[in-house]
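For reference, the structure is listed below as structure tokens.
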Amino acid sequence: MNGEELLARRFEEERPQLRAVAYRMLGSLAEAEDAVQEAWFKLHRSDVSEVRNLAAWLTTVVGRTCLDMLRSRTARREDAMPEQEDRLRLPDPVVSRAQALDPEQEILVADSVGIALMIVLETLSPAERLAFVLHDMFDVPFDEIAPILGRTSASTRQLASRARRRVQDAAPAPDADLARQRQVVDAFLAAARGGEFDALLSVLDPDVVARSDGGALRPSVLRRGAAEVASQAITFARFAARARHVLVNGGPAVLSFADGKPLSLMAFTIRGGRIAAMDILTDPERLAGLLAGLDLAD
């Protein structure tokens with residue numbers, strides 16, 4: 001095996017981890033792939049003969065690429081029309097069968113990287129997100145993160161600390177028992193289909209938040225409070241002829257169908273035995289892309 005082939009094999013060994021870094025940074029599966037591919041191009045353009053830790057080198061390359069992409073995204077939002085700027089866009093969910101994640105998906109969403117956490121990461125500044133993701137999620141030392149940001153190690157540490165507080169406040173850890181979580185989801189579905197308002201209130205946290213991303217052609221909706229969310233759930237259940245349990249980022253979710261086509265993908269965050277958040281994707285274009293090629297048969 002020549003040097004180029006060896007380098008290619010080393011890169012493929014690191015690819016799943018690099019995708020995990022990029023996904024946490026960008027919240028987009030397609031953009032994460034682009035960032036990893038850019039790292040591959042950078043590897044081929046660089047002399048890495050003196051690099052002692054190729055995995056760390058590649059991680060910082062991906063981090064720098066993602067930082068540039070996030071900054072560009074922020075600039076586009078600042079230039080957007082007000083109605084476009086206010087539109088909610090959920091991070092890409094990692095969808096799998098209800099039984100289990102495959103090995104690559106496990107790496108992608110390890111450490112309980114649920115949709116609720118990904119949404120909080122979207123609220124961080126690009127620099128905060130980089131410092132938090134690389135240090136807290138991938139144990140990259142601040143001395144290695146600081147040059148990417150053009151800051152001192154102390155300043156980078158402060159960025160990560162500030163981001164950590166925001167994450168802990170806004171996205172506390174969900175319940176750990178997946179079987180119990182699914183029971184809560186089943187109770188929610190049964191109550192919604194039966195139009196049982198009080199039963200819905202019993203499984204919803206009083207401060208539940210429901211976020212719905214309908215894409216460019218459908219309005220995005222944010223609802224708060226058990227009563228408002230329960231009322232909407234009963235209305236929506238009338239349109240969904242069939243629902244299938246799936247996993248979204250390793251947590252409980254339901255894929256609903258109408259007329260044989262995916263209608264919505266609903267991810268649940270459950271804390272203290274009640275539904276604390278619901279993140280709903282109804283954008284038909286994104287649903288089609290995310291579900292393409294997936295074997296979701298029971």
Side-chain angles (χ1 to χ4, degrees), residues 7-8 10-77 89 91-92 94 104-115 117-168 171 249:
L7 206 57
R10 290 285 310 281
F11 182 84
E12 290 304 316
E13 290 172 352
E14 297 299 329
R15 183 185 289 273
Q17 186 82 345
L18 297 176
R19 286 183 68 232
V21 172
Y23 174 62
R24 286 157 177 75
M25 283 292 299
L26 301 168
S28 164
L29 294 169
E31 289 183 353
E33 290 289 355
D34 290 343
V36 172
Q37 193 64 19
E38 181 59 33
W40 169 247
F41 294 145
K42 175 75 171 178
L43 180 62
H44 271 270
R45 294 193 299 264
S46 304
D47 179 5
V48 293
S49 58
E50 301 299 322
V51 173
R52 294 183 178 181
N53 188 335
L54 185 63
W57 186 89
L58 288 169
T59 297
T60 57
V61 169
V62 167
R64 182 175 285 108
T65 300
C66 290
L67 181 65
D68 291 342
M69 294 170 75
L70 284 176
R71 286 171 171 167
S72 177
R73 185 191 294 174
T74 300
R76 289 197 303 271
R77 286 174 180 167
R89 188 184 191 281
D92 282 349
V94 179
E104 282 201 10
Q105 288 174 325
E106 286 183 353
I107 295 173
L108 193 60
V109 298
D111 304 318
S112 300
V113 183
I115 287 294
L117 174 57
M118 294 298 296
I119 288 170
V120 178
L121 292 180
E122 292 283 323
T123 69
L124 303 178
S125 71
E128 288 173 336
R129 191 165 184 172
L130 179 79
F132 176 78
V133 167
L134 290 189
H135 181 266
D136 284 46
M137 294 183 167
F138 294 96
D139 297 321
V140 179
F142 288 120
D143 288 347
E144 296 179 19
I145 303 172
I148 303 175
L149 295 171
R151 294 172 177 258
T152 64
S153 294
S155 174
T156 303
R157 185 185 300 273
Q158 290 175 347
L159 281 174
S161 178
R162 185 162 64 237
R164 190 179 308 118
R165 288 194 298 270
R166 291 177 63 181
V167 168
Q168 291 172 345
N249 290 48

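These numbers come from a predicted model, not from an experiment.
- Thr65 contributes atom OG1, which lies 12.0 Å from atom CD of Glu31 (distance to the nearest 0.5 angstrom).
- In this pair, Phe142 and His135 present their aromatic rings parallel. The plane angle is below 30°, not in the 30 to 60° band.
- The CZ atom of Phe138 lies 9.0 Å from the CG atom of Leu18; values are rounded to the nearest 0.5 Å.
- Every residue two or more places apart in sequence or in another chain was checked for a ring pair (Phe, Tyr, Trp, His ring centres under 6.0 Å) with Trp57, and none qualifies.
- When side chains are defined from C-beta on, Trp40 counts as touching Gln37, because their heavy atoms get closer than 4.5 Å.
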I would like to know whether Met118 and Asn249 meet side-chain contact (heavy atoms from CB on, under 4.5 Å); could you show each step before the answer? CA-CA 10 Å; Met118 294 298 296; Asn249 290 48; 4.2 Å; yes
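- Nearest heavy-atom pair, Gly27 versus Glu122, reported as atom, atom and distance to 0.1 Å: CA-OE2, 4.0 Å.
- The two atoms that bring Ala127 and Leu67 nearest to each other are N-CD1, 4.1 Å, heavy atoms only.
- In this structure, the side chains of Phe132 and Arg24 stay at 4.5 Å or more apart for every pair of heavy atoms.
- Separation of atoms CE (Met69) and CG (Asp34) is listed at 5.5 Å; rounding is to 0.5 Å.
- Counting all heavy atoms, side chain and backbone alike, Ala35 lies closest to Val62 at O-CG2, 4.3 Å.
- Nearest heavy atom pair, residue Asp92 against residue Ser28, reads OD2-CA, 3.4 Å.
- Listed here is the closest heavy atom pair of Ile119 and Pro91: CG1-CD, 3.7 Å.
- Inter-residue side-chain proximity for Leu121 and Met137 is flagged as met; some heavy-atom pair is nearer than 4.5 Å.
- Salt bridge annotation for Arg64-Glu38: absent, with no cationic side-chain nitrogen under 4.0 angstrom from a carboxylate oxygen.
- Side-chain contact between Arg73 and Leu26 is present, with at least one heavy-atom pair separated by less than 4.5 Å.
- The closest side-chain heavy-atom distance from Tyr23 to Val36 is not below 4.5 Å.
- Residues Leu70 and Leu130 are not in side-chain contact: their nearest non-hydrogen atoms beyond the backbone lie 4.5 Å or more apart.
- Within 6.0 Å of CZ in Arg52 there are 12 or fewer heavy atoms belonging to other residues, nucleotides or ligands.
- Between Leu54 and Leu43, the closest side-chain pair of non-hydrogen atoms falls below 4.5 Å.
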Return all side-chain donor-acceptor pairs below 3.5 angstrom for residues 156-163, not counting sequence neighbours, or 'none' if the list is empty.
{"residue": "Thr156", "atom": "OG1", "partner": "Thr152", "partner atom": "O", "Å": "2.9"}
{"residue": "Ser161", "atom": "OG", "partner": "Arg165", "partner atom": "NH1", "Å": "3.1"}
{"residue": "Arg162", "atom": "NE", "partner": "Glu128", "partner atom": "OE2", "Å": "2.8"}

Worked check of side-chain contact (heavy atoms from CB on, under 4.5 Å) between Leu134 and Ile148: CA-CA 11 Å; Leu134 290 189; Ile148 303 175; 4.1 Å; yes
